[in-house]
Participant: 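Handing you this structure, nothing more for now.
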Amino acid sequence: MRCTGDIEVRDLEEVAINIDPIQAGGRLTADAMKAIIAYGDGYSVCDNCRKPFRLDHIKKPPLDAFHHDLARFVGMDEARVMPGARRGFQAVADTYVEKGSPVLLTALSHYTEFLAIEAAGGVPREIPKDAKNIITADAAASRIEDVTREFGRPPALLFIDHFDYQFGNEHQVREIARAARAYDVKVMYNGAYTVGIMPVDGKELGVDFVVGSGHKSMASPAPSGLLATTKEHAQELFRTTQAKGDITGRAFGVKEVELLGCTLMGATIMGMMASFPHVRERVNRWEEELANGKIVIDALRSIEGTAILSEYPRKHTLTRVDTRKSFDRVAESHKKRGYFFTSALSEKGIGGVIPGATRVWKFNTYGLTKQQAEYLASAFTGIARENGIPVS
């Protein structure tokens with residue numbers, strides 16, 4: 001089927017259990033779908049925009065209240081919506097990083113954090129992971145000292161992912177923030193895989209900035225996200241323009257420089273806002289999500305030759321798995337080669353695994369019901385048995 005012309009209908013969520021690692025937390029709610037239809041026009045939210053002509057001041061629809069709610073949701077004082085987490089990284093880097101400034105991130109940081117630092121003229125330096133693929137406070141403190149000796153000044157910022165995108169491992173955010181504070185280093189918390197799926201309190205964690213991804217973890221259309229901070233940094237991060245035209249004398253009111261004025265309009269912000277009541281409620285069910293994930297993890301661990309590369313017991317629903325000694329052994333002689341596995345999953349109504357993956361791959365069980373998790377677990381073990389792989 002096609003929507004129109006050459007645009008095919010996307011029905012993955014309707015016809016399969018989707019375990020794609022980056023899509024699980026971004027599935028839209030029914031309310032978001034309705035809001036998108038109603039507000040799909042580009043500048044639809046601007047119908048009632050009045051002075052000071054800024055997105056977070058619009059009262060109908062109640063975008064002003066939504067911004068306040070977002071700040072409280074992540075335990076911070078002020079928040080803005082952004083076109084994805086990466087634009088949040090960029091805004092923080094542009095505000096605090098000068099050309100040649102050292103900035104710390106980690107050996108597991110997302111590439112967009114590196115790009116944000118590079119665009120601001122900063123020099124990235126990595127905190128190494130330990131043998132268990134965890135970023136520790138001791139490693140962070142050691143690298144702060146290394147960088148301070150190398151550059152003659154401490155890092156301008158420290159970027160830390162609460163859960164990284166490679167393994168879904170939890171890192172020592174509180175302890176790292178405490179160590180950074182001892183050196184007067186500001187901390188940027190990457191909550192792309194936490195904000196919207198589990199409770200997050202930036203002040204309790206001791207961080208200066210919280211970034212979240214709407215389309216990854218807040219049941220929102222892409223591109224969307226949030227950037228929040230404390231009162232201490234809000235005036236700097238959300239500074240308003242001072243520019244004036246030299247001929248016309250034009251000034252631009254309270255437009256915020258790092259946001260280039262307004263950020264999300266129409267379908268993106270309305271979808272995000274419509275999903276927010278559901279998102280605010282679902283973070284309280286995180287333990288249920290982990291329990292459902294455990295059903296699948298235990299099934300995979302029962303397949304001989306299969307290894308969980310992420311930390312165990314799991315603290316997140318995103319998991320990296322190694323099947324080189326199980327499913328990849330089958331792929332060596334199977335007529336479909338590596339595609340036998342994703343083909344077998346597809347036949348059982350499961351999607352989201354990279355086609356041809358039988359070596360090292362990732363999946364995410366977030367949003368599955370217990371019944372779906374049990375079905376997924378039986379599908380993995382069933383495919384193993386069908387191909388002669390022992391299951392304990």
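Since the structure is predicted, the reported quantities are computational estimates derived from the model, not experimental observations.
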Participant: Counting distance only, does the side-chain N/O of His171 pair as donor-acceptor with the main-chain N or O of Asn169 below 3.5 Å?
Facilitator: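 Confirmed, His171 side chain pairs with Asn169 backbone.
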Participant: Counting distance only, does the side-chain N/O of Asp41 pair as donor-acceptor with the main-chain N or O of Ser44 below 3.5 Å?
Facilitator: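 No, because the side chain of Asp41 does not come within donor-acceptor range (under 3.5 Å) of the backbone of Ser44.
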Participant: Could you please spell out the steps behind the salt bridge (charged side-chain N to carboxylate O under 4.0 Å, His left out) verdict for Asp130 and Lys132?
Facilitator: CA-CA 5 Å; Asp130 67 10; Lys132 296 180 179 180; over 6 Å; no
Participant: Which heavy atom in Pro21 sits nearest to a heavy atom in Asn364, and how many Å separate them?
Facilitator: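 Looking at all heavy atoms of both residues, the closest pair is O-ND2, 3.2 Å.
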Participant: Any sub-3.5 Å donor-acceptor pair from Gln172's side-chain atoms to Ala137's backbone N or O?
Facilitator: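 A pair under 3.5 Å: yes.
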Participant: What do you reckon, is NZ of Lys255 surrounded by more than 12 foreign heavy atoms closer than 6.0 Å?
Facilitator: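 Counting other residues, nucleotides and ligands, NZ of Lys255 exceeds 12 neighbours.
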Participant: Between the main-chain N or O of Val81 and the side-chain N or O of Thr263, is there a donor-acceptor pair closer than 3.5 Å?
Facilitator: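 Yes.
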Participant: May I ask you to say whether Lys186 pairs ionically with Glu236, meaning some side-chain N is under 4.0 Å from a carboxylate O?
Facilitator: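 No, this pair does not count.
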Participant: Donor-acceptor check, side chain of Ser302 to backbone of Ala299, threshold 3.5 angstrom: yes or no?
Facilitator: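 Judged by distance alone, yes, a pair lies under 3.5 Å.
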Participant: So Trp286 and Tyr366, would you call those rings parallel, tilted or perpendicular, with 30° and 60° as cut-offs?
Facilitator: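 Rings of Trp286 and Tyr366: tilted, as their planes differ by 30° to 60°.
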Participant: Salt bridge or not for Glu204 and Arg174, using N-O below 4.0 Å?
Facilitator: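 Salt bridge flag = yes for Arg174 with Glu204.
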Participant: So does Ile389 get a backbone contact from the side chain of Asn387, meaning a donor-acceptor N/O pair under 3.5 Å?
Facilitator: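 Not a single qualifying donor-acceptor pair exists.
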Participant: Given side chains that start at C-beta, do those of Thr317 and Asn292 come closer than 4.5 Å, heavy atoms only?
Facilitator: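 Sidechains of Asn292 and Thr317: no contact.
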Participant: Centroid-to-centroid, Trp361 to Phe341, below 6.0 Å?
Facilitator: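 When the ring centroids of Trp361 and Phe341 are compared, they turn out to be within the sub-6.0 Å range.
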Participant: Determine whether a donor-acceptor pair (N or O, by modelled atom type, separation under 3.5 Å) exists between the side chain of Thr323 and the backbone of Arg359.
Facilitator: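 Looks like yes, one N/O pair under 3.5 Å.
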Participant: Over all heavy atoms of both residues, which pair between Ala16 and Gly351 is shortest? Give the atoms and the distance, please.
Facilitator: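 Here Ala16 and Gly351 meet closest at CB-N, 4.1 Å.
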Participant: Can you name the nearest heavy-atom pair linking Asp94 to Ala120, along with the distance?
Facilitator: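 Heavy atoms only, the tightest pair is OD1-CB, 3.7 Å.
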Participant: Grab the two heavy atoms, one from Phe167 and one from Lys129, that are nearest each other, plus how far apart they are.
Facilitator: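 Reported closest heavy-atom pair: CE1-NZ, 4.4 Å.
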Participant: Are more than 12 heavy atoms from other residues, nucleotides or ligands located less than 6.0 Å from atom CG of Asn284?
Facilitator: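 Yes - once you tally the heavy atoms of other residues, nucleotides and ligands closer than 6.0 Å, there are more than 12.
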Participant: Side chains of Asp31 and His278: any donor to acceptor distance under 3.5 Å?
Facilitator: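 Result is yes, a qualifying pair exists.
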Participant: Does either side chain, that of Thr306 or that of Ser326, offer a donor lying less than 3.5 Å from an acceptor on the other one?
Facilitator: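 Thr306 vs Ser326: donor-acceptor pair found between side chains.
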Participant: Between Ser310 (side chain) and Arg320 (backbone), is there a donor-acceptor pair under 3.5 Å?
Facilitator: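 Between the backbone of Arg320 and the side chain of Ser310 there is a qualifying donor-acceptor contact (under 3.5 Å).
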Participant: Between Asp47 and Lys60, is there a salt bridge with N-O shorter than 4.0 Å?
Facilitator: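 Salt bridge between Lys60 and Asp47, a charged N being under 4.0 Å from a carboxylate O: no.
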Participant: I'd like to know if Ile19 and Tyr165 are part of one continuous hydrophobic network [Ile/Leu/Val/Met/Phe/Trp/Tyr, side-chain heavy atoms within less than 4.5 Å].
Facilitator: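 Different clusters: Tyr165 never reaches Ile19 through Ile, Leu, Val, Met, Phe, Trp or Tyr contacts under 4.5 Å.
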Participant: When you look at CD of Glu118, are more than 12 heavy atoms from neighbouring residues, nucleotides or ligands closer to it than 6.0 Å?
Facilitator: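 No - once you tally the heavy atoms of other residues, nucleotides and ligands closer than 6.0 Å, there are 12 at most.
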Participant: If you draw a 6.0 Å radius around CG in Leu12, do more than 12 non-hydrogen atoms from other residues or ligands fall strictly inside?
Facilitator: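 It does: Leu12 CG has more than 12 such atoms within range.
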Participant: So is Arg125 actually on top of Phe151's ring, under 6.0 Å and inside 45° of the axis?
Facilitator: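 Relative to the ring axis of Phe151, which defines the angle, Arg125 lies outside at least one limit.
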Participant: Apply the test side chain to side chain contact (heavy atoms under 4.5 Å, CB included) to residues Val211 and Glu113: give CA-CA distance (whole Å), side-chain angles for both, the deciding distance (0.1 Å), then the verdict.
Facilitator: CA-CA 11 Å; Val211 168; Glu113 296 173 70; over 6 Å; no
Participant: Mark yes or no for whether Arg282, through its side chain, and Gly196, through its backbone, hold a donor-acceptor pair below 3.5 Å.
Facilitator: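 Between the backbone of Gly196 and the side chain of Arg282 there is a qualifying donor-acceptor contact (under 3.5 Å).
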Participant: Tell me if a side-chain donor or acceptor on Arg337 pairs with a main-chain N or O of Glu332 at a distance below 3.5 Å.
Facilitator: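 Yes.
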Participant: Go through the steps to decide whether Lys216 and Tyr193 satisfy the test side chain to side chain contact (heavy atoms under 4.5 Å, CB included), and finish with yes or no.
Facilitator: CA-CA 7 Å; Lys216 191 166 285 177; Tyr193 283 99; 3.6 Å; yes
Participant: Kindly write out the residues that satisfy salt bridge (Lys or Arg N to Asp or Glu O under 4.0 Å) with Arg178, not counting sequence neighbours, or none if the list is empty.
Facilitator: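 Residues passing salt bridge (Lys or Arg N to Asp or Glu O under 4.0 Å) with Arg178: none at all.
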Participant: State, without any angle test, whether Ser378 and Thr381 hold a side-chain donor-acceptor pair at a distance under 3.5 Å.
Facilitator: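 There is no such pair (donor and acceptor under 3.5 Å, judged by atom type) between the side chains of Ser378 and Thr381.
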